[in-house]
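Right, one structure below, let's go through it.
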Amino acid sequence: MNVLWILAHPEPRSLNGFLAAEGRRALRAEGHHVEVSDLYAMGWNPVVDASAYAHDPAERFRVADAAKHAHHAGTVAADIRAEQEKIDRADTLVVQFPLWWFGMPAILKGWFDRVWHQGYAYGLRGPDGEWSGYGDGFLAGKRALAVVTMGGPAGFYGERGIHGAVDELLFPLQHGMLFYGGAKVLPPVLLWGTDRFTPEDAAGAAKELRERLRAVPATEPIPYRPRNGGDYDDRFVLRPEVAPGLTGSRAHRSA
């Protein structure tokens, strides 16, 4: 595999730093190639601004249009283009982060905001002229895996847990970003109660991560419903006979 490992944690001596190092070591030991985007170490700029797209400040800044124009003109900022080239080279994406306030750290969201812009990640058309998304797109043929640490115990993130179901919390990333882009999204690696981890707990988590990484090529992806699979009507709303009685993120999975 050609793996792009995207890490969003500010401390290399943290559990996340340890797990990232262990995971990359395991992949390389198996003969896989690994590139890394360690966002804090890179000093990644998460803020969308006009300068990244060589936009004329005298004109109104329409973000999506400016990004699309810059992409086609080859004037996108060098840091954005470098990340896109890493994505293009990869066949597997690993997105690793701690869950902070029920979502990804701001630096990682800013990576998506800047790198996955119109013209590159969305606003695309297939050979039939239809827009690409939710099952096809710029990530078609790639696999994606989220590795997420959570401070609270597992029960907090269950179907009736006070924090809300973890599948719901990760739906924007896994369905709205990764599956939208066309990736096969694998079940995430979820580590609970990490604020209270002992060294033995960390070693166990590293073992679990290594096993999951070795299994990536054979792991069945989350069965999200593709946009063009017949489950959605022409307004891209689920047909009445599909998953009757279900709403929310669960309805968009076929099993």
Side-chain angles (χ1 to χ4, degrees), residues 1-30 32-46 79 83 86-87 90 92-116 143-157 161 163-174 177-178 183 185-216 219 222:
M1 297 185 293
N2 292 313
V3 180
L4 173 58
W5 195 296
I6 304 133
L7 172 64
H9 197 286
E11 175 52 75
R13 296 165 295 184
S14 65
L15 174 66
N16 271 275
F18 166 70
L19 292 174
E22 287 293 305
R24 297 194 299 261
R25 186 179 298 115
L27 287 169
R28 288 169 175 146
E30 295 284 327
H32 305 297
H33 180 261
V34 183
E35 286 194 273
V36 179
S37 289
D38 185 339
L39 301 185
Y40 281 96
M42 293 161 58
W44 176 260
N45 170 24
D79 62 340
E83 295 304 293
K86 291 179 187 177
I87 294 169
T92 302
L93 306 180
V94 177
V95 184
Q96 182 190 353
F97 60 96
L99 195 72
W100 286 353
W101 285 113
F102 308 100
M104 64 184 73
I107 198 170
L108 179 56
K109 180 57 166 60
W111 184 86
F112 281 105
D113 289 346
R114 295 185 72 226
V115 175
W116 292 37
R143 288 177 169 252
L145 173 70
V147 179
V148 186
T149 60
M150 289 160 280
F156 283 21
Y157 301 93
H163 283 344
V166 70
D167 286 348
E168 298 282 348
L169 298 176
L170 295 180
F171 190 72
L173 168 65
Q174 296 191 138
M177 299 177 192
L178 299 172
V185 184
L186 307 186
V189 177
L190 303 174
L191 301 169
W192 327 89
T194 56
D195 285 350
R196 299 164 185 81
F197 263 26
T198 65
E200 292 73 23
D201 292 329
K207 180 177 184 291
E208 178 186 351
L209 177 59
R210 289 192 295 268
E211 291 172 351
R212 286 293 310 276
L213 292 169
R214 292 189 185 104
V216 161
T219 300
I222 298 170

## Note on the structure
Glu211 meets the salt bridge (charged side-chain N to carboxylate O under 4.0 Å, His left out) criterion, sequence neighbours left out, with Lys207
### Leu145 CG to Thr219 OG1 distance, which is reported to the nearest 0.5 Å
8.0 Å
#### Entry: Of all pairs that satisfy salt bridge (charged side-chain N to carboxylate O under 4.0 Å, His left out), the ones with a partner from residues 6-27, not counting sequence neighbours
Glu11-Arg13, Glu22-Arg25, Glu22-Arg210
### Query
Between the main-chain N or O of Met150 and the side-chain N or O of Thr194, is there a donor-acceptor pair closer than 3.5 Å?
yes
### Task
Could you pull out all residues at least two apart from Asp167 that satisfy salt bridge (charged side-chain N to carboxylate O under 4.0 Å, His left out)?
Arg253
### Minimum heavy-atom distance Ile107-Ala8, with the two atoms named
CG2-CB, 4.1 Å
### Task
For Phe156, check ring-ring contact (aromatic ring centres under 6.0 Å, His included) against everything at least two apart and list the hits.
His163
What pairs of donor and acceptor atoms, side-chain ones from residues 94-105 against any protein atom, are under 3.5 angstrom apart with sequence neighbours left out?
residue, atom, partner, partner atom, Å
Gln96, OE1, Trp5, NE1, 2.9
Gln96, NE2, Asn16, O, 3.0
Gln96, NE2, Asn16, OD1, 3.0

### Query
What salt bridge (charged side-chain N to carboxylate O under 4.0 Å, His left out) pairs are there with at least one residue in residues 94-103, not counting sequence neighbours?
none
### Query
What residues form a side chain to side chain contact (heavy atoms under 4.5 Å, CB included) with Asn2, not counting sequence neighbours?
His33, Asp91
### Query
Which atom names give the shortest non-hydrogen contact between Ala202 and Leu15, and what distance separates them?
CB-CD1, 3.8 Å
### Intermediate values then yes/no, side chain to side chain contact (heavy atoms under 4.5 Å, CB included), Leu190 and Leu170
CA-CA 11 Å; Leu190 303 174; Leu170 295 180; 3.8 Å; yes
### Task
Just jot down the side chain to side chain contact (heavy atoms under 4.5 Å, CB included) partners of Ala90, sequence neighbours excluded, or say none.
Leu4, Leu93
### Between CG on residue Leu191 and CG on residue Asp201, distance to nearest 0.5 Å
10.0 Å
### Task
Starting at CG of Asp38, measure out to OH of Tyr40 and round the result to the nearest 0.5 Å.
10.5 Å
#### Entry: Listed partners of Glu30 passing salt bridge (charged side-chain N to carboxylate O under 4.0 Å, His left out), at least two apart
Arg214
### Task
Compare all side-chain heavy atoms of Leu186 with those of Arg143 and state whether any distance is below 4.5 angstrom.
yes
### Query
Who are the ring-ring contact (aromatic ring centres under 6.0 Å, His included) partners of Phe197, not counting sequence neighbours?
none
### Task
Could you list the residues that satisfy salt bridge (charged side-chain N to carboxylate O under 4.0 Å, His left out) with Glu200, not counting sequence neighbours?
none
### Summary
d(Arg28 CZ, His32 NE2) to nearest 0.5 Å is 12.0 Å
### Message
Side chains of Pro188 and Gln174, heavy atoms from C-beta outward: is any pair under 4.5 Å?
### Response
yes
### Inter-residue atom distance Met42.CE - Ile6.CD1, 0.5 Å rounding
10.0 Å
### Query
What are the two closest non-hydrogen atoms of Ala144 and Leu178, and how far apart are they?
CB-CD1, 3.8 Å
### Message
Going by side chain to side chain donor-acceptor pair (under 3.5 Å), name the residues that satisfy it together with Asp79, two or more places apart in sequence or in a different chain.
### Response
Arg114
### Task
Show your reasoning for whether side chain to side chain contact (heavy atoms under 4.5 Å, CB included) applies to Val189 and Val148.
CA-CA 6 Å; Val189 177; Val148 186; over 6 Å; no
### Task
Please test Leu7 against Val36 for side chain to side chain contact (heavy atoms under 4.5 Å, CB included), starting from the C-alpha separation and ending with a verdict.
CA-CA 8 Å; Leu7 172 64; Val36 179; 5.5 Å; no
### Task
Supply the atom-to-atom distance Trp111 CH2 to Trp44 CH2, rounded to the nearest 0.5 angstrom.
8.0 Å
### Message
Evaluate Glu35 against Val3 for side chain to side chain contact (heavy atoms under 4.5 Å, CB included), listing each step before the verdict.
### Response
CA-CA 6 Å; Glu35 286 194 273; Val3 180; over 6 Å; no
